[in-house]
Amino acid sequence: MIRLIAIVFAVIALAMPAIAEPRIALVIGNSDYETTGWKLQNGARDARLMKAALEGLGFEVEAITNADEDEMEEAFASFGARLKEAGPNATGFFFFAGHGVQSEGLNYLIPTELVAYTEADVWANAPRLELLFRYLENAGNAANFIVLDACRNNPLPSAVRTTGGGLAATGRVRGTLIAYSTAPGAVAEEGAGRNSEFTLALAELISQPGLSAETLFRRVATRVETRTGYRQQPWIESGLRGDADFCFAGCETDEEGRDEAAALAASLGSDSAVVLQSFLAAFPKSRSRSLVEARIDELDGNSSVSTGPILGRSLPKTEDGPEEEAPPQRTEGEVKAILGVSTLISDLVAPWRKDVMQTAARAAVLARTPVSEDTTRINDDSLFVFFEEGSSALDEEGATNLGLYARYTAGSLPEGTHVKVVAGCSKDEKSGSLCRERANNVEQFLVSQGVPQSAFLASQSYGRYRQLEDTGFGIDEAPLNRYAMVQIID
């Protein structure tokens, strides 16, 4: 059950940060391998998602999917030429998703048409990563980023392999940061959803202002480790030089930037197209618009669909001409008229939905939620109430939010639907009864607002023992753990 409450973000329009250096990118995603058993589900989709993310950050992106050997090598050459032409201050970004193998310490990126029975077939017919390095060295530009979501299973029969799965460390990193989706020699997961965990985490975080490149990839690694139960541990080799940090979305940040970044991360992490459409409605001029649209397309299983006139999305390019003119952006009044309502849900729940603490708490709960569970509720129907240290009393903000929650979310529950309250305490709060008091006070306040007592499941208290961990928002974890979470459960 997806609720209209997914339309949750305040409308803030942010301008693209000033970018001094030229930004050039090459994105390759291979899925449709011709050899039986080699096909991947997410390689091409991951490439489309990263293309959109990089374009939103000012990169000129060449993207190819399901490429053969000649196409890949020609793309390497074109990438190097574009970087050289852009000049010494240019920044390069290479992304590859697909099969990648190592042999005798060298890394090979596998083209789709390769039929290999031995590693000698790979040597002769797959582009070496070393070739890309040569083009980058010839370009002589200031900084490069190489991102390899290519550490998936070695597709060769085990009897003819001389090495295990994964890729090898390169040892060639001066002026370049190389990010692997898992540690050298290890194998990455393709992901149970429509994108790999690594690519999705990178797309969620790369548009966040104020993050240096090293910090970005460290947070991506943490997020992937958490989501995969540490089965996959991303790795970086950084040879970046100079006194200044490189920040993909700008090194300066402000409250509006943090709000949008938090909303973007929460939206991209959802498997609900409604949540993503809510972000577009709330941030119509976001520089990440094409990224969110690409994610919607991946969830819909369509690489070029329109979400209709309410969101004002651009239409796909045609074979015979340029991109058609996008439908006009709708005013709030027009949206209300189209929907046939007098009040938008976003008008009602914005007091808590744009709050970074709320977003960080939802992300923390999602990070430890089993993949098999329906996680839609955590983003769509959950509300966190935060408490002062040692207190179980509701403050004015908590009471206001709970009142709105009772009226518009839990006020008329369908049969078989319940409300659950889970409370937590920070590590320095020693009394377990304090957590239970927080849950009880929230429950009784909702009952006073008209939510039936019979709708509540037994309250739980586990936050003191299983702490919420910040998944990359840079906030203090102590106040994050002084909470009571209200959630709708079918």
Side-chain angles (χ1 to χ4, degrees), residues 1-3 5-6 8 266 270 345 348-349 351-353 355-370 373-427 429-469 477-490:
M1 179 180 62
I2 301 296
R3 295 173 178 269
I5 199 168
V8 295
S270 169
I345 296 297
L348 307 174
V349 301
W352 74 77
R353 286 294 180 169
D355 182 72
V356 173
M357 282 285 287
Q358 294 281 337
T359 305
R362 287 195 296 272
V365 174
L366 275 171
R368 70 181 192 194
T369 300
E373 291 188 15
D374 179 9
T375 58
T376 303
R377 289 282 177 270
I378 298 174
N379 274 325
D380 290 354
D381 287 337
S382 64
L383 167 66
F384 286 80
V385 178
F386 296 101
F387 297 85
E388 294 296 325
E389 184 175 0
S391 173
S392 61
L394 294 173
D395 60 15
E396 182 178 354
E397 179 182 25
T400 298
N401 290 342
L402 282 171
L404 290 171
Y405 191 90
R407 181 178 179 185
Y408 297 106
T409 307
S412 55
L413 297 174
E415 185 177 353
T417 304
H418 296 86
V419 181
K420 179 180 180 181
V421 183
V422 179
C425 293
S426 58
K427 292 180 179 178
E429 294 176 317
K430 305 301 183 182
S431 172
S433 63
L434 180 61
C435 304
R436 291 190 292 273
E437 289 173 8
R438 287 170 175 168
N440 184 66
N441 287 349
V442 166
E443 180 177 323
Q444 292 309 308
F445 184 91
L446 290 172
V447 169
S448 73
Q449 300 297 303
V451 180
Q453 181 72 64
S454 59
F456 287 89
L457 296 177
S459 298
Q460 298 183 38
S461 172
Y462 59 78
R464 180 182 171 199
Y465 308 102
R466 296 183 60 199
Q467 295 286 291
L468 299 181
E469 297 180 356
E477 291 182 352
L480 187 70
N481 279 284
R482 298 195 293 266
Y483 70 92
M485 180 182 73
V486 189
Q487 196 174 2
I488 305 296
I489 302 293
D490 285 339

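Throughout, residue positions are numbered sequentially from 1 according to the sequence presented.
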With sequence neighbours excluded, give me every salt bridge (Lys or Arg N to Asp or Glu O under 4.0 Å) pair touching residues 431-448.
Glu429-Arg438
Quick one: [atom1] on [X] to [atom2] on [Y], what's the gap to the nearest 0.5 Å?
{"X": "Leu434", "Y": "Ser391", "atom1": "CG", "atom2": "OG", "value": "7.5 Å"}
{"X": "Leu457", "Y": "His418", "atom1": "CG", "atom2": "NE2", "value": "5.5 Å"}
{"X": "Phe456", "Y": "Gln444", "atom1": "CZ", "atom2": "CD", "value": "7.5 Å"}
{"X": "Gln358", "Y": "Leu383", "atom1": "CD", "atom2": "CG", "value": "5.5 Å"}

Closest heavy-atom contact between [X] and [Y]?
{"X": "Gln467", "Y": "Ser426", "value": "OE1-CA, 4.0 Å"}
{"X": "Phe386", "Y": "Ala361", "value": "CZ-CB, 4.0 Å"}
{"X": "Gly424", "Y": "Cys435", "value": "C-SG, 3.7 Å"}
{"X": "Asn441", "Y": "Leu394", "value": "O-CD1, 4.3 Å"}
{"X": "Lys430", "Y": "Lys427", "value": "NZ-O, 3.6 Å"}
{"X": "Glu477", "Y": "Asn481", "value": "O-ND2, 2.8 Å"}

Holding to side chain to side chain donor-acceptor pair (under 3.5 Å), I want the full list of residues that pass it with Ser433, two or more places apart in sequence or in another chain.
Ser431
Could you tell me whether a side-chain N or O of Arg482 sits under 3.5 Å from a main-chain N or O of Phe387, the two making a donor and an acceptor?
yes
Within the supplied structure, the quantity of interest is the number of heavy atoms (other residues, nucleotides, ligands) at a distance under 6.0 Å from Gln449 CD; does it exceed 12?
yes
Flag yes if more than 12 heavy atoms outside Gln453 fall under 6.0 Å of its CD atom; otherwise flag no.
yes
How far apart are the C-alpha atoms of Asn401 and Val385, what are their side-chain angles, what is the distance that settles it, and do they pass the side-chain contact (heavy atoms from CB on, under 4.5 Å) test?
CA-CA 8 Å; Asn401 290 342; Val385 178; 5.9 Å; no
With side-chain contact (heavy atoms from CB on, under 4.5 Å) as the test, pick out the partner of Phe445 among Leu402, Val451, Val486.
Leu402
Quick one: side-chain contact (heavy atoms from CB on, under 4.5 Å) partners of Ala364, sequence neighbours excluded?
Leu468
What verdict does the side-chain contact (heavy atoms from CB on, under 4.5 Å) test give for Ile489 and Val419, after you've listed the backbone C-alpha separation in whole Å, the side-chain angles of each residue and the deciding distance to 0.1 Å?
CA-CA 6 Å; Ile489 302 293; Val419 181; over 6 Å; no
